[in-house]
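Everything numeric here is computed off the predicted structure, so don't read it as measured data.
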Amino acid sequence: LAIRATVESADEIGQLASAFNRMVEDLGKITVSKAEMDNIINTMINTLIVATPEGKIRVVNRATLDLLGYREEELLGQSIGMIFEEEEEILLKGAGIAEILARRVVSNIEKTYRTKGGRLIPVLFSAAVMNAAPGAPADIVCVAQDISDRKALEEGLRNSYEDLKNLQTQLVQSGKLASIGELASGVAHELNQPLMVIRGTAQLIERAARKGSIPSEALLTQLEPIDRNTKRMMRIINHLRNFSRQSGTEFQPLEINHVIEECFLLIGEQLKLRDIVVERELAPDLPKIRGEANQLEQVFLNLIANSRDAVTEAREKAAAAGREAPPGGITIISRLVQYHPHPSL
């Protein structure tokens with residue numbers, strides 16, 4: 001394209017020479033030289049490989065050589081399968097040579113390159129079939145981006161997420177143990193009351209037995225409160241054991257009112273000792289929700305404990321100011337409401 005014809009006359013030969021020169025100048029404006037094309041290919045950040053329809057490597061750029069650790073002559077003419085994790089003529093599943101030829105384009109498929117030293121590198125792989133003259137073989141242009149940093153970041157995020165889940169589980173468990181410690185006195189009272197009933201009933205039965213005057217019907221009557229209070233104690237102890245155990249995050253269908261009622265096995269007696277009246281306005285026939293009963297119970301226990309502390313604090317402030325203590329009470333309401341999202345959502 002650097003050659004020009006010499007125009008020596010204005011005749012037909014001169015006009016032909018001028019037309020030739022204009023044509024060459026136009027071609028120079030619209031044609032990219034091989035040197036320029038090589039420069040563009042070799043300054044690409046991503047790897048570029050051109051392969052024949054049979055999978056033989058024809059062209060590689062500098063980024064490919066730098067990433068894989070090969071010299072150009074070690075790759076040219078070789079099977080493109082040698083640079084993939086699986087040493088196969090066909091590329092990996094989802095982007096085989098036959099599929100690329102059929103689809104003409106595949107894009108952004110995660111693959112794994114294998115370097116000369118055997119190191120595996122995750123890449124984002126794309127390929128397209130070049131346009132060719134009718135009947136001519138159509139080469140395949142393959143471009144890949146090294147996504148090692150992204151994969152490392154994703155792995156770090158997964159590990160951080162698992163660490164956060166474990167930390168959350170530990171915090172929940174610590175919160176449970178703290179709640180149990182705070183409720184210990186109330187639980188002791190919950191157990192002490194049925195124990196006193198059992199002890200008193202047993203003493204009455206013993207005295208009657210010593211006198212030899214205890215009819216069978218009277219004995220059954222006396223044993224009933226023992227049986228009832230024993231079951232109550234077993235329920236409290238079992239509930240305390242379940243509450244303190246390590247719980248998972250698997251959601252199950254549950255009745256919210258039942259979870260609320262279970263809270264009072266642990267905190268009910270404590271509220272009575274502080275003369276705090278609890279009013280329950282729990283709507284019947286509520287639909288079941290999905291949740292983890294143990295963790296929900298801890299949420300409700302915290303809310304009830306906060307209300308208990310607020311009532312106690314209000315009484316103490318009133319007493320310190322010489323005023324009459326306000327009536328202490330907690331109202332717990334459950335009901336079904338229809339959610340109306342904001343128009344902007």
Does [X], at its [atom1] atom, have more than 12 non-hydrogen atoms belonging to other residues, nucleotides or ligands within less than 6.0 Å?
X	atom1	value
R62	CZ	no
R335	CZ	no
E324	CD	no

Between [X] and [Y], what is the shortest heavy-atom contact and its length?
X	Y	value
A144	N46	O-CB, 3.3 Å
K111	F125	CG-CB, 3.5 Å
R119	I121	NH2-CD1, 3.6 Å

Check this for me, if you would: do [X] and [Y] make a salt bridge, where the nitrogen-to-carboxylate-oxygen distance has to be below 4.0 angstrom?
X	Y	answer
E74	K116	yes
R71	E73	yes
E110	K151	yes

Using a 4.5 Å cut-off on heavy atoms from C-beta on, say whether the side chain of R280 contacts that of N257. no
Do L296 and L254 have side chains that approach each other closer than 4.5 Å (heavy atoms only, starting at C-beta)? yes
V129, V50, I49, V59 screened by side-chain contact (heavy atoms from CB on, under 4.5 Å) with V141, the one that passes: V50
So OH of Y113 and OG1 of T47: to nearest 0.5 Å the spacing works out to 4.0 Å
Keeping S307 on the side-chain end and I330 on the backbone end, is there a donor-acceptor pair under 3.5 Å? no
Are the ring centres of F264 and F300 closer than 6.0 Å? no
Mind checking whether L76 and L68 sit in one hydrophobic cluster, side chains of I, L, V, M, F, W, Y counted as touching below 4.5 Å? yes
